[in-house]
Amino acid sequence: MASSSSNYYTRWTGLVDDELTPNNVEEILGHISDDFWVAAACFDRLVDSVDVQRTLLQVGIARTQPVYERVNHFLPGPLHHNNNDSDQSLHALSEYLQSNSVDVQLCYIRIMLLQRMDRLHTFEELRKEAPEDLEEDSGSEEDAEWEDDPWAEEPSARPSRSPPFTLSEFLTTDVLHSAYKLALERWFGGLRVLFDRHGKYLWPFRYAVLDQIPDYAPPSDYHFLLPSCNTLTNMEQPLNSNEWRPEPDWSETTAVMSVVESCQGHWDSDIFYQPTVLKPHSQHDSLTAEQVSAWYKSRVEVIMSSTGMVDTVLTIVQHGASHGVPLLDELGEELSLLSRLVYDAPRSDSAEDDWTLARWREMDPPAVVRAYLRHSSPSSLPGDISRLVMPYLFVLESRAERAGNPDPSLPQRLLHDYILSAPLEMAAAIFEASKPTLSSAQRLIKEDVVMVRLALSCLYGSDSLNDWSTMSHIFECLPAWDIPGDDSEEDAADTTIASLGAFVTPSTTRPRCTPADLLIFFEPLPISSLSRTLDILDVHLESGEILSRWNVPAPLRWFLQSNNDAAEQRAWANRLSRRAGGSEDQLNTLEDWEWLLEDMLKLNGRGDSKLQGAFGLLPRDETLRIYFGGLLSTGKFDIAKQILHSRKTQLVLDSQAIEDICLSSSREFYDNANSGNYNFGDMKLAYDCLDVPTPSDRITKEKEFIEATSRLSSFNVMSRPGIPISPIEIRLTKDRLSLVSRVLSTNNEAYKHTEVILDLVYKLGFRDDIVAEVKTLAMLADTALQVEDFARAYETSRRMVDTVLNLRMSSMGMDDPKIAEASEVCWVACFQLGRQPEFDRIDQKLSLLGRAIEICPPDRLHDVLTTWRRLEKEDIEAREERLLVRRSGTVESDHQKRTKRLPESAADSLQARLRNFHMPSPPLLNTPDAAALASKTFRSVTANFPFSVGSHRGRSQLSQPGEQRSNSGSRGPEDDVSIQASRVFSKGIGWLIGADDDN
């Protein structure tokens, strides 16, 4: 039996929706005894067949009925009378359902199936309410297709139009959303059914549904939904509804519903998931008559703003007024005032006017004039003004006279206000219709002087950057006055232009000078000043066209503002020279750049009218410099060379100016470069730019600096961890030797390439700087010392010593601070390498220490000599040991193999001289404090090094004073005696080698 039942489960799950029929639904589900499974299966299945869906709902509802038998005794009082339920029964019912998950889910399924059954009945009625016009539309194409069918035996029946949703969609979608869709699709018959059968649910959202109706729909089609008022109660009349089930089912009682809602969130099955439905603001209570009247007014505004259909809103207003809605009579009268504006004025096909009645009432006369001409074209504007605006203006004048406030200038004033605020192309159409060649009756602007003042105000008050042809057209419409004038009148006109330039300049009180403000300025000017202003306007228009042609347009008032401002003219000339070549349509030929030069010189000079151009305050030479700098900024160096060497060129600059411009442009490229490699990008432009001028020391120095920058980039010097140093950082580095130090500290093999590093130093600007060379050699020696490459450190130190000795020998005096600085670096580096215990070449160490004794200042002699004497003693002992070995014939030890006979050096000669002098060594030289003093001396010298001496990478750091004290114990009183003795000894040694006794 269980196997037979499982077969029905399998049959049900294997059936697709299209295979379901009323018979197999009843047959299969009737053999399954699990009520919950059957009810859930009926709830889960949604089909578009009315008969099959009805069977599913009936079977599912029947399977949920046994729950009633189990909870009936918990329901207090007669069924459906919840107001008599006792708290005890409700508590018992709640406990039972909460402890029986299956029954509470069956209750939920029964509620949902009952609601679906109601909607199924509604759907059947909806199908009968297809709009007649839509039915005709639905069959028109099919009828046309089959009219000429020769094989048709009889005319085909026209199919009925289905609702705008399927049955399954209607059953699962919120009723409000279905009402929305019916309203949008203009299924007003179906909408009436929906409100009739589900009115209690839809009543709070009636106005939201009305808002979904298309604004163009005739109100007579949905008049049943339009609100009406009861004149006795002065309130909104409620809609009548006819629900399918006047009384709720037992599962829809408050007690059962509350338990179902509390348990619903704990169910795991996906079939119980109900999406969240967003609902608009609800209005459960009836509105007052005044509120209904306000809704009608807002509805009128909405329709007017979207469609402008005055006849439609009039129908709505008439319906409301006939159904008891007050305060609509005046609204109907106001709507008639819009008919001329709506139907007679030009309208746009692509845009909709957002007209509202409130806006019409609030509009002042200038706004009405603009409304009449809003969609006028330049060709129709003069006619629209004569046909629409002028009659309206005359009516305003008549009203003012009837009101006792005559204003004869009102029509002209309102027309002038419109001209000043209109776009240039519209103003040009008005000036075209007001040309002096027309008769006075045909002209919109009757007087020439008024026309000129309006035109000047419109042109100089415009922000346009590209309407130069329109501006020129306006200028051509103006009268040509031939007024002879003397110098005083021209000076007065020029003063007027200067004042006008200050007038149009933005300020805190007036950020922008409008055409209306300019008209106030031009009003008092006489004809002579206006004539001179027209001549200046002609020059400004020509200059504006030139700037626009090269992609650096300026508003016309800029020429007034910059008339006496050389800095502003210079700034705009720079923009012209740079943007003209850097625009999308770049200047790629020599002819293009020659054309630009010709235009810049035209803007720089004076024309036939003797009026200065846009760059008239700049010297010609400065204009040429600006032009050449702009040419170089584009990177077209070949064109720059051609222009410089062309015989017919107007670019005449001396070689020094060309060199200055090229250096400035090169440094600009350099500073903007992202990479220091001079083989590509801005750095390549910076390098190639220096090939344009004639070679010179400045050019060579700058090129070498670029090469040094590229070399530094190849060493991967970092500005910060992970970020390579940028070219601008290299240029702004005050101590450029620090860059060499960073190269040596970040590249392990760089110290081996002495010539490369020195060449880098030379190109960084230290080509003739011996001190920089000595410091670099000291850095190289120190770096080799840190990695214990003593051979290379020794060779570098010898080169450094030779350089310093040559410098000292070639100098006339010894007081040169550069010689002192180089000597200080040299002896410290020699002392540092000569005292390294890991360095096993005693002869080389003695040689370095001897050079340190020779070069160091007198007050440091005893510090170096301490180390030198100790090393000498070791050397003597080694020589004696080798002598004994040779005499005894024994085999050399490993230490003896490493120790070679020392050649005679400067240190040997100094040793001989010291022995002949027979000066006993003070105790200081045999104490560890001597090393501490040497360390102190080394630190004081190397504090000025641009690199780190005594790096932590090697083992050759100088001993710290603290370390020496820890080895030798605390310093006692006898140490002070040693210090005094060392000072005396130092002074004596200084005298010995020729130092100044005062030191």
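These figures come from a predicted structure and were not determined experimentally.
A heavy-atom distance below 4.5 Å is not found between the side chains of Lys128 and Val193. You'll find the side chain of Val209 reaches within 4.5 Å of the side chain of Leu176, heavy atoms only. Val317 is not listed as a side-chain neighbour of Tyr296, based on a closest heavy-atom distance of 4.5 Å or more. Looking only at side-chain heavy atoms (C-beta outward), Leu287 and Cys229 stay at 4.5 Å or farther from each other.
Ser251 and Asp249 form a side-chain donor-acceptor contact under 3.5 Å, judged by distance and modelled atom types alone. There is no side-chain donor-acceptor pair under 3.5 Å between Thr315 and Thr312. Checked by atom type, the side-chain pair Trp203/Ser282 shows no donor-acceptor distance below 3.5 Å. Using modelled atom types and a 3.5 Å distance limit, the side chains of Asn24 and Thr21 yield a donor-acceptor pair. At a cut-off of 3.5 Å, with distance as the only test, no side-chain donor of His198 or Ser241 sits close to an acceptor on the other residue.
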Requested in this report: Could you check Asp174 against Tyr201 for side-chain hydrogen bond (donor to acceptor under 3.5 Å, both in side chains), going step by step and ending with a plain yes or no?
Outcome: CA-CA 10 Å; Asp174 188 83; Tyr201 178 78; 2.6 Å; yes
Report task. Using the side chain to side chain contact (heavy atoms under 4.5 Å, CB included) rule, take Leu120 and Leu167 through it: C-alpha gap first, then chi angles, then the decisive distance, then the call. Result -> CA-CA 8 Å; Leu120 180 65; Leu167 174 59; 3.7 Å; yes
Query raised in the report: Between Asp118 and Arg197, is a salt bridge (Lys or Arg N to Asp or Glu O under 4.0 Å) present by the stated rule, with each step listed?
Result: CA-CA 9 Å; Asp118 293 342; Arg197 295 300 184 179; over 6 Å; no
Query raised in the report: Hey, mind stepping through Glu125 and Arg192 against salt bridge (Lys or Arg N to Asp or Glu O under 4.0 Å) and telling me if it holds?
Result: CA-CA 10 Å; Glu125 291 193 8; Arg192 181 198 293 271; over 6 Å; no
Query raised in the report: Are Lys181 and Leu184 close enough, and set up right, to give a side chain to side chain contact (heavy atoms under 4.5 Å, CB included), and what steps lead you there?
Result: CA-CA 5 Å; Lys181 203 157 192 178; Leu184 286 171; 5.7 Å; no
Please report, to 0.1 Å, the donor-acceptor pairs under 3.5 Å made by any side chain of residues 55-67, with sequence neighbours excluded.
unit_1 : atom_1 : unit_2 : atom_2 : d
Thr55  : OG1    : Asp51  : O      : 3.0
Arg63  : NH1    : Ile32  : O      : 2.9
Arg63  : NH1    : Asp35  : OD1    : 3.1
Arg63  : NH2    : Leu29  : O      : 2.7
Arg63  : NH2    : Ile32  : O      : 2.7
Thr64  : OG1    : Ile61  : O      : 2.7
Thr64  : OG1    : Arg110 : NH1    : 3.0
Gln65  : OE1    : Arg110 : NH1    : 3.2
Gln65  : OE1    : Arg110 : NH2    : 3.0

Under 3.5 Å, sequence neighbours excluded: what are the donor-acceptor pairs made by side chains of residues 213-223?
unit_1 : atom_1 : unit_2 : atom_2 : d
Asp215 : OD2    : Ser306 : OG     : 2.5

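For Tyr9 and Trp37, the gap between ring centers is short of 6.0 Å.
Arg119 contributes atom CZ, which lies 6.5 Å from atom OG of Ser178 (distance to the nearest 0.5 angstrom). Rounding to the nearest 0.5 Å gives a distance of 9.5 Å between OH of Tyr108 and CE of Met257. The structure places OH of Tyr8 at 3.5 Å from NE2 of His31, a figure rounded to the nearest 0.5 Å. Here CE of Met304 is found 11.0 Å from CE of Met309. Values are rounded to the nearest 0.5 Å. Here the CZ atom belonging to Phe43 is positioned 4.5 Å from the CZ atom belonging to Arg116, to the nearest 0.5 angstrom. Once rounded to the nearest 0.5 Å, the distance linking CG of Leu106 with CD1 of Ile111 reads 11.0 Å.
In this structure, Asn240 places its CG atom where only 12 or fewer heavy-atom neighbours from other residues, nucleotides or ligands lie under 6.0 Å away.
Under the side-chain contact (heavy atoms from CB on, under 4.5 Å) test applied with Val52, the options Asn23, Val47, Asp18 reduce to a single match, Val47.
For the pair Arg340 and Tyr392, the cation does not sit on the ring face, since its NZ or CZ is not both under 6.0 Å from the ring centre and inside 45° of the axis.
At a threshold of 4.0 Å, the pair Glu236-Arg206 counts as salt-bridged, since one of the basic side-chain nitrogens sits closer than that to a carboxylate oxygen. A salt bridge links Glu27 with Arg11: the distance from a Lys NZ or Arg NE/NH1/NH2 to an Asp or Glu carboxylate oxygen falls below 4.0 Å.
Within the structure, ring-ring contact (aromatic ring centres under 6.0 Å, His included) contacts touching residues 316-335 (residues at least two apart or in different chains) are His319-His323.
The ring pair (Phe, Tyr, Trp, His ring centres under 6.0 Å) check on Trp295 picks up Tyr207, with sequence neighbours excluded. With sequence neighbours excluded, the residues that form a ring pair (Phe, Tyr, Trp, His ring centres under 6.0 Å) with Phe165 are Phe170. For Asp196, there are no salt bridge (Lys or Arg N to Asp or Glu O under 4.0 Å) partners two or more places apart in sequence or in a different chain.
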